Amino acid sequence: MNSYLLFKSLHLIAVISWMAGLLYLPRIFVYHSENSNEIVVSVFKTMERKLFYYIMMPAMSLSWLFGLVLISLIGFENLGNLWLQLKLVFVILLTIYHFYLGGLLKKFSMDQNQKSSKYYRYINEIPTILLIFIIFIVIFKPI
């Protein structure tokens with residue numbers, strides 16, 4: 001079996017799982033911020049916590065792990081390629097966004113949300129934009 005293709009497949013599975021969480025968590029924040037019913041808010045808190053810690057954190061960690069394995073398989077000298085540098089910059093931005101959502105999650109869990117549902121609708125577009133850039137960079141590999 002080709003180990004590169006194995007790790008590439010595992011990397012893609014982890015990235016898809018991570019992206020699902022990055023796109024879904026802000027949507028839950030939208031509905032959470034619009035709701036004041038104590039029972040519904042409790043359900044949102046549980047959904048947010050489980051999504052972040054049980055799906056998003058492992059998926060992000062595995063995305064990084066398998067991505068680094070792929071870099072080692074193609075050779076670290078490829079870090080000099082513009083496409084890989086750009087991809088890493090955008091993945092770092094996704095990671096920062098991920099932990100920013102974690103900070104927002106903590107505020108929601110302590111009932112200290114200060115943001116509007118409109119804010120969460122806007123920031124929900126960030127991972128989509130970064131994903132589009134990453135895909136085009138990886139497919140076209142600019143020099």
Side-chain angles (χ1 to χ4, degrees), residues 1-35 39-143:
M1 177 183 279
N2 184 327
S3 61
Y4 176 78
L5 292 178
L6 171 65
F7 285 109
K8 189 174 189 178
S9 298
L10 293 171
H11 178 65
L12 287 171
I13 292 165
V15 168
I16 290 167
S17 300
W18 186 26
M19 287 303 303
L22 289 174
L23 294 167
Y24 188 46
L25 186 58
R27 291 307 304 173
I28 299 174
F29 289 164
V30 167
Y31 304 124
H32 188 161
S33 66
E34 291 176 342
N35 209 305
I39 295 169
V40 175
V41 165
S42 174
V43 170
F44 283 136
K45 286 179 182 181
T46 301
M47 289 171 62
E48 293 159 355
R49 186 185 78 256
K50 287 183 177 182
L51 176 61
F52 188 80
Y53 291 106
Y54 299 154
I55 297 173
M56 293 172 62
M57 286 298 290
M60 180 199 63
S61 300
L62 291 172
S63 295
W64 271 101
L65 174 69
F66 295 135
L68 293 172
V69 168
L70 288 171
I71 291 171
S72 74
L73 289 173
I74 65 171
F76 287 104
E77 63 275 2
N78 284 294
L79 287 171
N81 294 335
L82 178 62
W83 75 269
L84 191 50
Q85 293 171 357
L86 289 172
K87 178 185 177 182
L88 287 172
V89 166
F90 289 130
V91 173
I92 289 168
L93 290 174
L94 272 179
T95 304
I96 292 167
Y97 176 78
H98 172 100
F99 286 109
Y100 176 69
L101 292 179
L104 294 172
L105 172 70
K106 287 182 183 178
K107 289 188 179 189
F108 271 111
S109 71
M110 298 183 298
D111 297 318
Q112 296 177 348
N113 173 50
Q114 301 293 316
K115 311 275 188 217
S116 69
S117 62
K118 190 174 185 178
Y119 175 80
Y120 296 112
R121 283 185 173 88
Y122 284 131
I123 68 162
N124 195 37
E125 303 307 322
I126 293 170
T128 303
I129 293 165
L130 291 172
L131 178 64
I132 290 168
F133 287 148
I134 291 168
I135 288 173
F136 277 104
I137 286 165
V138 170
I139 298 298
F140 292 104
K141 292 182 174 67
I143 296 175

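Position 1 is the first residue of the sequence, and the numbers go up from there. None of these values were measured; they are calculated from a predicted model. These numbers come from the heavy atoms of this one structure, side chains and all, not from hydrogens, waters or symmetry mates.
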request  = Begin from the C-alpha positions of Tyr120 and Asn113 and carry the test side-chain hydrogen bond (donor to acceptor under 3.5 Å, both in side chains) through to its verdict.
outcome  = CA-CA 11 Å; Tyr120 296 112; Asn113 173 50; 2.4 Å; yes
task = Show the numbers, then the answer: is there a side chain to side chain contact (heavy atoms under 4.5 Å, CB included) between Leu62 and Ile13?
result = CA-CA 9 Å; Leu62 291 172; Ile13 292 165; over 6 Å; no
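- A salt bridge between Arg121 and Glu34 is present, with a side-chain N of the basic residue lying under 4.0 Å from a carboxylate O of the acidic one.
- Separation of atoms CD1 (Ile74) and CG (Leu79) is listed at 7.5 Å; rounding is to 0.5 Å.
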inquiry  = Could you walk me through whether Ile135 and Leu131 satisfy the side chain to side chain contact (heavy atoms under 4.5 Å, CB included) test, starting with their C-alpha distance in whole Å, then the side-chain angles of each, then the deciding distance to 0.1 Å, before giving a yes or no?
reply    = CA-CA 6 Å; Ile135 288 173; Leu131 178 64; 3.8 Å; yes
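- Note: Lys118 NZ to Ile123 CD1 = 14.5 Å, rounded to the nearest 0.5 Å.
- Distance check, rounded to the nearest 0.5 Å: CG of Leu84 to CG of Leu70 gives 10.0 Å.
- Between Tyr53 and Pro58, the closest side-chain pair of non-hydrogen atoms is not below 4.5 Å.
- Taking all atoms of both residues into account, the shortest heavy-atom contact from Glu48 to Phe29 is OE2-CD2, 3.4 Å.
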CA sep, side-chain torsions, deciding dist, call: Asn78, Ile71, side chain to side chain contact (heavy atoms under 4.5 Å, CB included) = CA-CA 8 Å; Asn78 284 294; Ile71 291 171; 6.0 Å; no
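- Ring geometry for Tyr100 versus Tyr119: interplanar angle over 60°, hence perpendicular rather than tilted (30 to 60°).
- Side-chain contact between Lys45 and Phe108 is absent, with no heavy atoms from C-beta onward closer than 4.5 Å.
- Shown here for Lys87 and Ile137, the closest heavy-atom pair between the two residues is N-CG2, 4.2 Å.
- Two residues are said to be in side-chain contact when any heavy atoms from C-beta on lie closer than 4.5 Å; Ser109 and Arg49 fail this criterion.
- Taking each heavy atom of Gly21 and Pro26 in turn, the nearest pair found is O-CD, 4.2 Å.
- In terms of heavy-atom proximity, Phe99 sits nearest to Met60 at CZ-CE, 3.6 Å.
- A 6.0 Å sphere centred on NZ of Lys141 holds more than 12 heavy atoms belonging to other residues, nucleotides or ligands.
- Taking 4.5 Å as the limit, every side-chain heavy atom of Tyr24 sits out of range of all side-chain heavy atoms of Met56.
- At most 12 heavy atoms of other shown residues, nucleotides or ligands fall within 6.0 angstrom of atom CZ in Phe136.
- Note that CG of Leu68 is 11.0 Å distant from CG of Leu73, once rounded to the nearest 0.5 Å.
- In this structure, the side chains of Lys50 and Ile55 stay at 4.5 Å or more apart for every pair of heavy atoms.
- Side-chain contact check for Leu105 versus Met110: every heavy-atom pair is 4.5 Å or farther apart.
- Residue Tyr97 qualifies as enclosed at atom OH: its count of foreign heavy atoms under 6.0 Å is above 12.
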Check: residues 89-96 side-chain donor-acceptor pairs under 3.5 Å, at least two apart:
residue	atom	partner	partner atom	Å
Thr95	OG1	Trp64	NE1	2.9
Thr95	OG1	Val91	O	2.8

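- Across every non-hydrogen atom of Ala59 and Ser17, the tightest pair is CB-CB, 3.8 Å.
- Side-chain contact between Lys115 and Lys107 is absent, with no heavy-atom pair separated by less than 4.5 Å.
- Interatomic distance, CD1 of Ile139 versus CD1 of Ile134, reported as 12.0 Å (0.5 Å rounding).
- A pairwise comparison of heavy atoms in Leu82 and Pro142 identifies CB-O, 3.9 Å as the closest pair.
- The 12-atom threshold is not exceeded at NZ of Lys8, counting heavy atoms of other residues, nucleotides or ligands nearer than 6.0 Å.
- The shortest distance between side-chain heavy atoms of Leu22 and Asn124 does not fall below 4.5 Å.
- Below 30°, between 30° and 60°, or above 60°: for Phe44 and Tyr31 the angle between ring planes is below 30°, a parallel geometry.
- Asn35 places no side-chain N or O within 3.5 Å of a backbone atom of His32 that could act as its donor or acceptor partner.
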